[in-house]
Amino acid sequence: MAVNTSPEAPLPVGEVSRLIGRWIDRLGAVWVEGQITQLSRRPGAGVVFLTLRDPSHDISVSVTCYRQVFDAVADVVGEGARVVVLAKPEWYAPRGQLSLRAAEIRPVGVGELLARLEQLKKSLAAEGLFAADRKKALPFLPQLIGLVCGRASAAERDVLENARHRWPAVRFEVRNVPVQGVHAVPQVVQAVKELDARDDVDVIVVARGGGSVEDLLPFSDEELIRAVAACRTPVVSAIGHEPDTPLLDLVADLRASTPTDAAKKVVPDVGEELARVRMLRDRGRRCAHALLEREERGLAHALARPVMEHPHRMLDEREEQVEALLGRARRTLGHLLDRAESELTHTHARVVALSPAATLRRGYAVLQKEDGHVVRDSAEVTGGEPLRARVAAGEFAVRVDVGGDE
């Protein structure tokens, strides 16, 4: 219930604590899941103190229980174990502290963990986080590799040594984080995000050695899965070699069975690449030689043809044809000229025979007046009119005699 207060009428701290305690007392018992991070079993004490932590978040709560409650599961429960607790919230007013009073503790079995992981797997798969079309291709030769692994771990050593053995010039940006326990998820997520934010990191490898299902639980955490799915940098999962695949393997862009396998898949082998270069160079040389030999054979075949061995033969054959055609053209032109000359001679003879000069040579004369007009009729002249008579060998003057014949 809301409490009416004001600066003039504030509540004492004790009253506030008492009200909170009354409100919490109304809460019933709840089942709570978490991981035991601290456990205190003092000899002779009738109460056991432990801290229950959410593995995915930095949240913890104190839990107390009677010794007989904890003794029922003491053989299978210790620090780091995941448990389900039936507890009632309690408020300790003098210190203003919330705790849980456990009435029953149950360890979370492997089968139950696997069932929950399967349910989470289906949920994330339905969102498309494991789809193949979302996976990014790894660069052929990464210049800088981000490595997330345990401090001084065998996984770190395997990745670094194998990668540098394959390509000595490769560089690493290593983030050492807890790879199991309550602090694993937040620190692995933080390391992945830091490496993904760097532009010079070409690929991120998350590596861990083998372990039990419980040990690998941080790599199936939903927060980590979503962080990897949001990465713009390709991520390689190298989480041990257990038959139970953590969900990180499904969301990563590439899965490696071991850290050593991750180094082999991320970094090319310089020896293999040099051998491949030599093989391609030899193949190119053989192809070039084969091409030259084929062209040489084609050139030799072309030079062996008769037209290339005796290149003037075609000209000689064409010369004879040209000379024959030229002779034929000359004969044809000669015949045409002879025929034209004959026709011209006949035409000239007819023209000469019909010309006025030929008529004058036969004794005829042409009378012309002084103005050159030819007299064709006697009526065109008058008596005493001077005329000129033109004969074949010249001309002379005449006069018309009107008394005699014209």
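Throughout, residue positions are numbered sequentially from 1 according to the sequence presented.
- Note that Arg101 lies in the cation-pi zone of Tyr66, set by a 6.0 Å cut-off to the ring centre and a 45° limit from the axis.
- Within the 4.5 Å cutoff, no side-chain heavy atoms of Val205 are placed close to those of Phe172.
- Residues Pro139 and Pro142 come closest through the heavy atom pair O-CD, 3.9 Å.
- Atom CG of Asp202 sits about 12.5 Å away from atom CD of Glu173, to the nearest 0.5 Å.
- For the pair Val266/Leu138, a side-chain contact is recorded, criterion being any heavy-atom separation below 4.5 Å from C-beta on.
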Kindly determine whether Asp196 and Glu194 satisfy side chain to side chain contact (heavy atoms under 4.5 Å, CB included), including the steps that lead there.
CA-CA 5 Å; Asp196 183 55; Glu194 289 178 357; over 6 Å; no

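- In summary, the side chains of Arg208 and Gln180 do present a donor paired with an acceptor at a separation below 3.5 Å, with no hydrogens or angles considered.
- Under the 4.5 Å side-chain criterion, counting only non-hydrogen atoms from C-beta, Ile36 is in contact with Leu52.
- You'll find the side chain of Val188 reaches within 4.5 Å of the side chain of Val148, heavy atoms only.
- In this structure the side chain of Leu100 never reaches within 4.5 angstrom of the side chain of Thr64, judged on heavy atoms.
- Considering CD of Glu296 and CG of Leu291, their distance stands at 10.0 Å, rounded to 0.5 Å.
- Leu216 CG to Ser220 OG: the interatomic distance, rounded to the nearest 0.5 Å, is 7.5 Å.
- Without hydrogens or angle criteria, Asp253 side chain to Lys136 main chain gives a donor-acceptor distance under 3.5 Å.
- Side-chain atoms of Asp158 do not come within 3.5 Å of backbone N or O of Pro259 as any donor-acceptor pair.
- No side-chain donor-acceptor contact under 3.5 Å links Ser123 to the backbone of Gln119.
- For the atom pair Glu273 CD and Trp167 CH2, the distance stands at 6.0 Å (nearest 0.5 Å).
- In this structure, CZ on Phe70 lies 4.0 Å from CG on Leu39, to the nearest 0.5 angstrom.
- Residue Glu341 places its CD atom among 12 or fewer non-hydrogen atoms of other residues, nucleotides or ligands, all under 6.0 Å distant.
- For Asp200 and Gln143, the side-chain atoms include no donor-acceptor pair closer than 3.5 Å.
- Within the 3.5 Å criterion, the main-chain N or O of Val236 finds no donor-acceptor partner in the side chain of Arg255.
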